[in-house]
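First up is the structure itself, then whatever we jot down about it.
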Amino acid sequence: MASLLDLLLAQGCQYRERGGLASHGEEFMAEWSKKYLDVILPILEEHYGGHDPDNLKKQTIFDLMMKWVEAKTEEGLMQLDPDHSNRSYIRFKTQQMSTLFPDAERLSDWGTSNHYFFEIINKTGHSAYIQMCLDSKDLSVEQKALYDRAIECSNSRTSANGWIWRTIFRSATVDLEEDLSEQDVVEKLDTALKDLFEKQEDFLKRMKLSDDLLQQIEAIRH
């Protein structure tokens, strides 16, 4: 981003230094650069300037979230994938979704055999939510058909040129106020997870799965 802004600024400066004398192409570039800077810079300043995420809080929230996922993993409710997690995205799987979307022969865009993930989104440290995403890279024809059906049963829109990944359902956002205790974060995530699983139940009903697959998923729940 910095190099792009430097280029745009340089274009505008060169145009001004020549007293506004330029070819049609240079004049267009200078005018476009100014418009870009006038529109984009305030947005960047708003999101990354005066409202910079509190990195210390983000790290603290991440640490508490990881403890929560590790505890849920020990309970058998989910399977944390620490190798594909970071401060902004904590990724995990569940037995139910792994039954519906089993591992593929070829790797996903994440570099994993599984082509779905649940993600706890913690981009700012001030709020979070959990979403379920699908990845379509290198799927077989049969698998792609199943994933396309999942998209049709969700509110996710497929672009005209196809798709690589889509969010299928997500929890409501939970606010993470200042000075939250570990128990507060646990309660917030429990709330988000409850909402997520309710969305999952609705999604599974709309998928109209075979009785055999439904029985497998139901058996995992108990």
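Quick note: numbers below take in every heavy atom, side chains included, and nothing from hydrogens, waters or symmetry partners. Just so you know, these numbers come straight off a predicted model, no measurement behind them.
Side-chain atoms of Met65 and Ile90, non-hydrogen and from C-beta on, do get closer than 4.5 Å to each other. Inter-residue side-chain proximity for Glu142 and Leu146 is flagged as unmet; no heavy-atom pair is nearer than 4.5 Å. Contact of the Phe169 side chain with the Ile130 side chain is not registered, since no non-hydrogen atoms from C-beta on lie closer than 4.5 Å. Within the 4.5 Å cutoff, the side chain of Leu134 has no heavy atoms near those of the Trp165 side chain. In this structure the side chain of Met78 never reaches within 4.5 angstrom of the side chain of Gln95, judged on heavy atoms. The closest side-chain heavy-atom distance from Leu80 to Met66 is below 4.5 Å.
Crowding of Arg149 atom CZ: a count of heavy atoms from other residues, nucleotides or ligands under 6.0 Å exceeding 12. A 6.0 Å sphere centred on CD of Glu75 holds more than 12 heavy atoms belonging to other residues, nucleotides or ligands.
Tracing side-chain contacts under 4.5 Å through hydrophobic residues (I, L, V, M, F, W, Y), one never reaches Leu193 starting from Ile121; they form parts of separate clusters. Clustering ILVMFWY residues whenever any of their side-chain heavy atoms sit less than 4.5 angstrom apart, transitively, puts Tyr89 in a cluster other than the one holding Leu64. Hydrophobic cluster membership differs between Met97 and Tyr129, with clusters built from Ile, Leu, Val, Met, Phe, Trp and Tyr side chains linked at under 4.5 angstrom. Both Met207 and Ile151 belong to a common hydrophobic cluster when Ile, Leu, Val, Met, Phe, Trp and Tyr are linked at side-chain heavy-atom distances under 4.5 angstrom. Side-chain heavy atoms closer than 4.5 Å link hydrophobic residues (I, L, V, M, F, W, Y) into clusters, and following such links, even through other members, never connects Phe101 to Leu107.
Ring orientation note: the planes of Trp110 and Phe117 are nearly perpendicular, at an angle over 60° on the 30°/60° scale. In this pair, Tyr147 and His115 present their aromatic rings perpendicular. The plane angle is above 60°, beyond the 30 to 60° band.
Counted by atom type alone, Lys58 and Ser88 present one or more donor-acceptor pairs between their side chains at under 3.5 Å. Side-chain contact, Gln96 with Gln200: a donor N or O sits under 3.5 Å from an acceptor N or O.
The pair Asp195-Lys199 meets the salt-bridge criterion, with a side-chain N (NZ, NE, NH1 or NH2) lying under 4.0 Å from an Asp/Glu carboxylate O. In this structure, Lys205 does not pair ionically with Glu201, as no charged nitrogen and carboxylate oxygen lie closer than 4.0 Å. Salt-bridge annotation for Asp148 and Lys144: present, with a side-chain N of the basic residue lying under 4.0 Å from a carboxylate O of the acidic one. By the 4.0 Å N-to-carboxylate-O rule, Glu177 lies close enough to Lys188 to be salt-bridged with it. Using a cutoff of 4.0 Å between basic side-chain nitrogens and carboxylate oxygens, Glu119 and Arg170 are not scored as salt-bridged.
Because its NZ or CZ atom is not both nearer than 6.0 Å to the ring centre of Phe62 and within 45° of the ring axis, Arg87 does not count as a cation-pi partner of that residue.
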